4 protein chains.
Amino acid sequence: MAKLWNKGYELDPAAEAFTVGNDYLLDRHLARYDILGSLAHAEMLASIGILSKEELGELSGELLKLLKLADDGKFEISPEQEDVHTAVEEALVAKLGDVGKKLHTGRSRNDQIILDLRLYSRDRLIDIRRNILSFAKTLVTFARKHEFVPMPGRSHTQRAMPSSVGTWAGAFTESLLDDVEIIKAAYRLNNQCPLGSAAGYGSCLPLNRQMTSDLLGFEKVQNNVLYVQNSLGKFEAVIVFALSQVMDDFGRLAGDTILFSVPEFGYFSLPDELCPGSSIMPQKKNPGPLELVRAKASVVSSLAMRISSIIRNLPSGYNRDVQETKGPLMQAFDITLGCVSMMERIFGSLVVNVDVLEKAFSGELFAADAATRLAADGTPFREAYKKVASQIDSLDTENAEENIRSKTHVGAPGCLGLSSLEENIKSEIKAADAEKKRLDSLSTSLPPSS
Amino acid sequence: MAKLWNKGYELDPAAEAFTVGNDYLLDRHLARYDILGSLAHAEMLASIGILSKEELGELSGELLKLLKLADDGKFEISPEQEDVHTAVEEALVAKLGDVGKKLHTGRSRNDQIILDLRLYSRDRLIDIRRNILSFAKTLVTFARKHEFVPMPGRSHTQRAMPSSVGTWAGAFTESLLDDVEIIKAAYRLNNQCPLGSAAGYGSCLPLNRQMTSDLLGFEKVQNNVLYVQNSLGKFEAVIVFALSQVMDDFGRLAGDTILFSVPEFGYFSLPDELCPGSSIMPQKKNPGPLELVRAKASVVSSLAMRISSIIRNLPSGYNRDVQETKGPLMQAFDITLGCVSMMERIFGSLVVNVDVLEKAFSGELFAADAATRLAADGTPFREAYKKVASQIDSLDTENAEENIRSKTHVGAPGCLGLSSLEENIKSEIKAADAEKKRLDSLSTSLPPSS
Amino acid sequence: MAKLWNKGYELDPAAEAFTVGNDYLLDRHLARYDILGSLAHAEMLASIGILSKEELGELSGELLKLLKLADDGKFEISPEQEDVHTAVEEALVAKLGDVGKKLHTGRSRNDQIILDLRLYSRDRLIDIRRNILSFAKTLVTFARKHEFVPMPGRSHTQRAMPSSVGTWAGAFTESLLDDVEIIKAAYRLNNQCPLGSAAGYGSCLPLNRQMTSDLLGFEKVQNNVLYVQNSLGKFEAVIVFALSQVMDDFGRLAGDTILFSVPEFGYFSLPDELCPGSSIMPQKKNPGPLELVRAKASVVSSLAMRISSIIRNLPSGYNRDVQETKGPLMQAFDITLGCVSMMERIFGSLVVNVDVLEKAFSGELFAADAATRLAADGTPFREAYKKVASQIDSLDTENAEENIRSKTHVGAPGCLGLSSLEENIKSEIKAADAEKKRLDSLSTSLPPSS
Amino acid sequence: MAKLWNKGYELDPAAEAFTVGNDYLLDRHLARYDILGSLAHAEMLASIGILSKEELGELSGELLKLLKLADDGKFEISPEQEDVHTAVEEALVAKLGDVGKKLHTGRSRNDQIILDLRLYSRDRLIDIRRNILSFAKTLVTFARKHEFVPMPGRSHTQRAMPSSVGTWAGAFTESLLDDVEIIKAAYRLNNQCPLGSAAGYGSCLPLNRQMTSDLLGFEKVQNNVLYVQNSLGKFEAVIVFALSQVMDDFGRLAGDTILFSVPEFGYFSLPDELCPGSSIMPQKKNPGPLELVRAKASVVSSLAMRISSIIRNLPSGYNRDVQETKGPLMQAFDITLGCVSMMERIFGSLVVNVDVLEKAFSGELFAADAATRLAADGTPFREAYKKVASQIDSLDTENAEENIRSKTHVGAPGCLGLSSLEENIKSEIKAADAEKKRLDSLSTSLPPSS
């Protein structure tokens with residue numbers, strides 16, 4: 001069947017293959033969203049008299065069938081169709097004839113693809129937010145289980161002061177909660193309805209943009225029709241950057257865990273079933289999953305950078321260049337979701353070697369505390385520091401657990417606030433679940449109540 | 001005078017020069033904030049009995065003098081002092097002797113530098129937010145002035161559909177308002193008090209972290225002491241990425257303006273006084289400021305990427321590597337502030353050549369509207385499209401202004417919602433001003449009411 | 001069948017899926033190279049007495065069958081097999097039993113994968129070098145065809161001085177020839193044999209590394225066994241950066257062509273068959289292929305950056321992280337090869353609108369020449385400049401073609417040296433073809449002359 | 001005094017400050033090169049009759065005085081002068097009047113700045129090449145000193161097989177030698193003379209470009225006048241990428257050294273005088289210089305990426321954007337030179353703890369060798385692997401030094417080829433010194449033999 005823009009000449013096959021690329025494959029992930037958007041657009045067209053009630057009924061009926069196909073993973077898009085928009089329109093025309101040809105009135109593939117990506121990103125962002133929170137729960141549980149297991153705190157990779165496994169795990173838990181805020185900000189930015197921008201300059205029809213926005217559950221209409229086009233790529237960069245913050249936390253957590261698991265440290269042990277071996281060295285059990293998580297942090301960061309780079313210096317309005325932002329967005333979501341699951345599994349089974357950690361404490365770790373105690377007793381701190389510095393080798397090793405329990409100011413190893421963290425996570429999960437439920441209900445509420 | 005960590009050996013001079021780098025110069029920008037932090041820390045130390053009331057009085061008195069020096073740009077830091085923290089402590093010890101040596105009790109340069117950067121970033125972010133809003137106001141005023149001046153709308157750089165100067169300027173105004181939201185999210189992330197993390201593992205003293213946080217006007221204490229250290233670089237990356245969103249908007253706006261000002265387009269004219277000439281071509285008036293804004297968008301983006309790259313794969317806890325994140329943060333602020341001013345100036349004087357714009361309209365720009373009107377009259381859109389496609393060369397040129405005025409759905413050229421935009425900007429400015437006022441009042445409210 | 005490293009425990013299925021990722025798919029592109037490497041390794045093992053002549057014969061026979069399968073695209077790798085190395089070993093063991101199990105003696109997957117990538121990259125680099133040269137030939141032919149077609153030369157996007165289509169196309173031709181040198185440097189770096197590094201620490205067997213290197217046609221053995229491992233990722237970054245130089249030239253050439261094809265310029269016309277249309281605007285013919293080439297320049301640059309980022313800060317020796325460098329390497333090759341073809345097609349059919357170009361000349365383009373001529377007659381240049389500047393509006397329009405023909409110094413529009421360029425390209429093609437022939441002959445010369 | 005392009009209007013002071021930026025400061029580093037270029041240009045102008053012999057004598061005399069000033073660091077450029085080109089021309093006009101005003105004939109600031117940067121980069125590249133080779137010599141000396149000091153070889157950060165300090169240091173030495181080749185490729189690319197491009201479109205004068213190229217010691221004329229302009233930024237990106245390869249090696253070497261120096265490893269000790277302390281922890285001696293080297297690897301990589309990003313998507317011909325590529329180029333040179341020195345110092349004094357390294361060996365490090373020996377005796381390797389895997393815990397610890405001495409194939413720990421490495425380094429140093437001598441002689445040979 002013909003392309004949407006067919007006007008009597010054929011594209012050079014090589015140029016067609018080059019411009020379509022793997023877009024028709026990526027677009028399969030957007031089928032659900034393209035159809036939801038079409039349902040809303042149709043209802044709006046009927047409300048302004050472009051479609052009759054009957055036409056709307058026919059279109060909605062067919063679209064719901066396509067939605068079922070898409071949700072079952074059976075909606076196919078061929079390379080000749082170029083994209084999901086064409087595939088949906090063709091399916092409708094094949095069934096409904098002229099009625100199908102009416103659906104594109106008042107919209108363009110330019111605003112359709114933006115809509116599809118917004119809806120797609122919204123679902124992915126909710127899933128990721130939810131899964132990060134779930135992992136945060138696993139991590140805080142890990143922290144609580146080992147709250148007072150001592151662990152040498154480090155700076156400059158060197159041994160610094162007494163710390164605990166709980167402090168270490170709690171630090172990453174809090175970082176993930178800040179990441180959730182970054183993700184929520186990206187979510188809000190994304191949650192604006194682009195429909196009605198058409199090719200970037202609106203329509204001469206009295207489109208009811210507020211109506212489609214409401215039907216699709218957006219927080220608001222993205223107003224200026226040209227801004228809609230200019231924001232394609234921009235919003236994606238913000239989203240992938242938000243994901244890269246999560247991934248960078250995972251990368252650092254993975255790096256720490258790898259280091260703490262080498263025999264020279266021996267703080268942690270990874271269970272065998274998470275450790276692939278070597279083809280030549282019979283003894284090796286390698287932290288492959290953690291190394292790959294670490295590498296993937298660089299991958300996601302490069303994807304954010306790529307999107308920004310693609311759209312930089314483009315003139316206003318739609319440019320085909322933005323097609324290349326779709327793949328990195330989808331990859332970033334898939335990678336991040338995969339890594340959350342992997343981290344969840346790792347921290348559900350990581351073994352903490354308490355005896356090794358306790359033996360790792362030596363006198364110099366207590367030097368700062370010794371100086372501070374002298375200071376608390378009246379010696380000016382700078383003098384206390386010098387005094388302790390001159391006696392480093394004869395510093396007594398304190399009981400590590402007692403030491404960390406004695407640090408009781410807010411956020412210190414003896415006062416990590418894990419309960420409060422757990423409460424936060426619980427209420428964040430509740431909020432994420434509620435939003436997810438709201439989104440999931442859209443597909444059932446969308447078809448017109450006839 | 002000696003370094004804070006002096007313990008009887010001298011650093012190799014080359015190693016010292018290498019590690020200090022230009023840090024002592026960058027730190028001059030932090031003097032105000034280091035002193036404010038010291039005022040709050042001293043008051044807290046007094047509240048838990050580490051300093052007597054008299055000692056607090058002495059310290060506060062000296063610190064206020066140093067604050068005055070810093071605000072007058074006269075607080076110097078020498079390379080030997082390494083950093084602002086040492087310079088402040090030395091100044092206090094020189095005046096107050098042992099009392100000065102007590103101030104470092106319960107803190108480390110590790111949490112001090114984070115505090116300084118948080119306070120510094122907070123001030124810069126407010127300034128930038130305010131200046132962006134001011135430019136948004138200029139831009140919306142420009143949009144209103146040329147609201148119905150027609151301008152060919154483009155996609156793929158090609159001529160697409162009727163648009164207007166107002167649509168174009170309004171699109172960027174809305175984008176800047178979204179950037180303000182991104183900046184506000186970064187601001188909230190940054191507005192957490194790190195003091196009390198000390199070297200990353202807290203203190204054996206009963207530090208009152210909530211008190212210092214309140215005194216310094218933070219929204220909350222950043223809880224986990226290790227997370228505080230791990231967030232150094234992370235928060236800076238988020239901030240600089242937020243700035244890069246602004247810069248990328250400027251870059252695109254600059255690019256459009258350069259293009260629209262070449263003789264082949266001629267839509268705009270840049271006033272001579274903004275256009276440097278050529279050393280060899282007597283006729284040239286070049287859009288130098290716009291080209292540099294465009295280039296600086298790449299610069300700021302590379303700074304965000306740099307910060308992320310520096311901290312990626314570092315082990316938990318403080319690492320000296322993070323020193324290299326300070327420069328890019330400061331550069332990003334300076335560049336963005338400079339570019340906002342420049343854009344403000346350019347859009348305050350950019351000349352719109354209405355006659356050229358009107359003449360730029362030709363028939364094919366109205367093709368989409370022709371097809372849509374056929375569709376509104378009942379022809380299935382896909383048929384209407386084909387019909388118009390076959391008559392492209394004989395399409396009538398409509399009156400461009402009438403055309404854009406007739407597009408009246410939300411966000412379309414005839415309904416840009418500029419009043420609502422102006423209202424938004426006004427209330428955003430009010431909010432930013434209020435927050436700035438709150439921050440400015442901190443230095444007067446900080447010293448203890450004696 | 002079992003993994004190469006099987007030692008009695010099973011990997012967690014999720015961890016296995018996560019660590020294997022799509023590696024088994026990517027590895028299909030490496031099958032040919034893994035088999036060639038195995039042929040050479042077997043021959044070397046026989047030469048040092050690890051394999052008997054009969055065993056070598058059996059192994060070589062089976063490997064040649066597998067090579068045929070691979071070259072026919074029929075060599076499959078299953079996810080359970082993890083990688084090509086396992087798949088090949090399993091195929092041999094299935095046929096030959098114990099003899100197959102001997103082949104891994106003295107090597108590791110660590111040096112095998114590096115070898116495979118070196119051989120793979122060598123073939124791709126030769127193809128790309130050859131195709132770039134072919135496109136350079138197309139471009140210089142285009143330049144010669146339009147050698148004296150005048151075209152306003154630009155700086156700062158503004159009109160600057162007289163230039164020609166030949167100058168413009170010649171500039172990119174020369175840039176591509178410099179890119180070929182960059183690619184040749186990457187090729188030389190890559191052309192070092194890693195085999196014998198084993199897991200990064202060599203073998204206790206007297207491996208004849210020079211022999212395998214010679215058999216596989218490498219320029220030299222990469223000496224230090226640990227450096228071999230550390231160079232995985234490093235060489236790939238250098239290669240992809242070299243490709244990104246080509247892509248950035250394509251991006252700029254694409255950008256210029258897009259700009260020169262808008263109606264406001266009209267210098268060039270893209271044939272319809274290379275221009276997809278719009279779904280809503282019946283008149284649109286969009287330069288989609290050129291826009292995608294431009295976008296892909298950013299993609300390849302981000303891939304180079306990604307590889308560097310992944311390996312940065314890794315400890316010495318093999319790390320699983322490097323698995324993530326394989327995909328970007330392959331993508332970069334595929335994208336670059338695809339874009340060379342596309343550019344070849346575009347510049348084989350781009351239409352130059354000579355009349356439009358001639359009409360585009362106006363007086364001010366000749367200002368620099370006017371000043372220079374005054375200078376040549378004795379007026380100090382700075383005075384001449386001012387004089388001409390004051391008379392800009394009354395400058396005569398010269399005959400553009402005469403003007404450019406009169407610029408006869410080396411490299412000027414009237415003396416582009418296209419013949420010399422053509423000669424260069426011809427001899428470069430000859431050299432590339434010779435090297436390609438040498439590489440292609442390896443697979444026939446590799447099996448032992450029995 | 002007036003700008004070179006003065007034509008009767010004044011730039012807005014803010015726009016002037018914005019466009020000049022810190023360029024006039026950066027340009028001080030280019031003064032020597034601008035003057036050398038002017039000497040060559042003057043001589044060429046005289047050869048084609050634009051300057052009389054007397055005028056050439058006057059100009060050369062003054063230029064040599066300015067060269068002396070520049071080499072003494074006393075050549076100043078004011079912000080009003082914008083750049084070095086203006087400052088030099090003004091100095092000449094002030095002394096020589098009209099003769100000074102003639103020098104700009106046939107050139108533009110566009111080709112002047114490119115020339116200056118090429119000459120500047122050439123000198124810096126030679127220095128860096130020389131200094132890397134010097135460090136490589138230090139490193140190979142370190143390798144030889146500890147050639148057979150055993151060290152556990154690692155993969156996946158885990159213990160893998162026996163290695164040696166010599167293997168480790170040798171690996172980085174070889175990597176640096178490959179970096180030198182990458183730098184030489186960048187050098188060749190850069191060593192093309194741009195003079196005569198003028199504003200990008202050549203001159204109507206019969207410039208003798210070969211003559212200026214020869215006078216300035218370039219390998220060849222960069223032919224096409226437009227390509228000269230398009231290569232500004234491109235060549236810089238290639239150069240900075242080459243530097244980033246060196247820096248990434250330094251970063252990895254620094255990271256290894258930090259890790260091997262923590263107490264848990266204890267392989268190396270950094271001398272106190274290279275280790276700054278902590279302000280709060282009296283015991284700390286931190287590897288600050290190594291951490292900063294590691295961070296600076298990210299910095300230089302980001303600078304390469306920045307340059308590529310700035311020039312991507314720019315239209316052909318000079319654009320002011322490229323001004324922003326000058327700073328990152330200079331920074332990259334300065335950082336790399338600083339880091340080479342620092343690494344030289346560190347590896348001149350790093351202490352190797354032989355006893356700790358020997359004690360670090362445990363049985364499982366010999367597992368791969370045990371399996372390989374079984375294989376050499378006829379057991380199929382895959383069977384041998386399984387047999388050893390089942391006996392890991394009872395593997396004997398071999399004598400580590402004997403083990404590594406017994407690995408005697410090319411590049412293995414027992415056959416590192418250090419003598420050959422030393423020979424290579426020596427001959428590379430000789431070549432670099434010869435090229436440096438050639439460059440240094442240019443300034444004495446440049447003035448016309450009168």
Side-chain angles (χ1 to χ4, degrees), chain A residues 152-161 255 258-267 275-288 290-291 305 308-310 312-314 321 360 362-372 381-382 384-393 395, chain D residues 152-161 255 258-267 275-288 290-291 305 308-310 312-314 321 360 362-372 381-382 384-393 395:
Chain A
R154 316 186 84 82
S155 66
H156 305 267
T157 323
Q158 305 289 315
R159 290 144 167 273
M161 287 178 65
I258 291 170
L259 182 63
F260 295 161
S261 303
V262 297
E264 287 81 359
F265 283 75
Y267 299 169
C275 294
S278 153
S279 68
I280 178 174
M281 294 170 286
Q283 87 282 12
K284 290 297 295 290
K285 292 177 184 173
N286 297 319
L290 288 165
E291 293 173 286
M305 191 283 264
S308 290
S309 174
I310 287 171
R312 187 165 299 131
N313 289 356
L314 291 183
D321 311 61
S362 48
E364 91 275 12
L365 281 161
F366 303 97
D369 288 334
T372 303
F381 181 76
R382 202 48 64 210
Y385 177 100
K386 284 179 191 165
K387 193 165 169 189
V388 173
S390 68
Q391 305 167 343
I392 283 296
D393 294 333
L395 279 181
Chain D
R154 316 186 85 81
S155 67
H156 305 267
T157 323
Q158 305 289 314
R159 289 145 168 273
M161 286 177 66
I258 291 170
L259 183 64
F260 294 161
S261 304
V262 296
E264 287 81 358
F265 283 76
Y267 299 169
C275 294
S278 153
S279 69
I280 178 176
M281 293 170 288
Q283 87 282 12
K284 289 298 294 291
K285 292 176 183 173
N286 296 320
L290 288 165
E291 293 173 286
M305 192 281 264
S308 289
S309 175
I310 287 171
R312 187 167 298 133
N313 290 357
L314 291 183
D321 311 61
S362 48
E364 91 275 12
L365 281 162
F366 303 96
D369 289 333
T372 302
F381 182 76
R382 201 49 63 211
Y385 176 100
K386 284 179 191 166
K387 192 166 172 190
V388 173
S390 68
Q391 306 168 341
I392 283 297
D393 294 332
L395 279 181

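Model, not experiment: these values are computed from the prediction. A, B, ... follow the sequence lines: proteins, then strands. Residue 1 opens every chain.
Highest contact tally toward chain A, considering only A371(D), S362(D), S279(D), is held by S279(D) [criterion: heavy-atom pairs under 4.5 Å]. When each of P263(A), G288(A), P152(A) is scored by its heavy-atom pairs under 4.5 Å with chain D, the top score falls to P263(A). Annotation: maximal heavy-atom pairing with chain D below 4.5 Å, among S390(A), S155(A), A384(A), S309(A), occurs at S155(A). Each of A160(A), A389(A), P287(A) has some count of heavy-atom pairs under 4.5 Å with chain D, and the biggest count is that of A160(A). Listed options I392(D), D369(D), L314(D) were ranked by heavy-atom pairs under 4.5 angstrom with chain A; first place goes to I392(D).
For a residue to count as touching a neighbouring chain, one of its non-hydrogen atoms must lie under 4.5 Å from one of that chain's; by this rule I280(D) touches chain A with backbone and side chain alike. Looking at E364(A), both its backbone and its side chain come within 4.5 Å of chain D, counting heavy atoms on both sides. With a 4.5 Å cut-off on non-hydrogen atoms, L259(A) touches chain D through its side chain but not through its backbone. Contacts of K387(D) with chain A are absent, with no heavy-atom separation under 4.5 Å from either backbone or side chain.
Within the model, atoms CE of M281(A) and CZ of F366(D) stand 14.0 Å from one another, a figure rounded to the nearest 0.5 Å. Between H156(D) atom NE2 and I258(A) atom CD1 the span is 10.0 Å, to the nearest 0.5 Å. Taking OG of S278(A) as the reference point, atom CD of Q158(D) lies at 11.5 Å (rounded to 0.5 Å).
R154(A) places a side-chain heavy atom less than 4.5 Å from the side chain of V262(D). No side-chain heavy atom of R312(A) sits less than 4.5 Å from a side-chain heavy atom of N313(D). When side chains are defined from C-beta on, R159(A) counts as touching E264(D), because their heavy atoms get closer than 4.5 Å.
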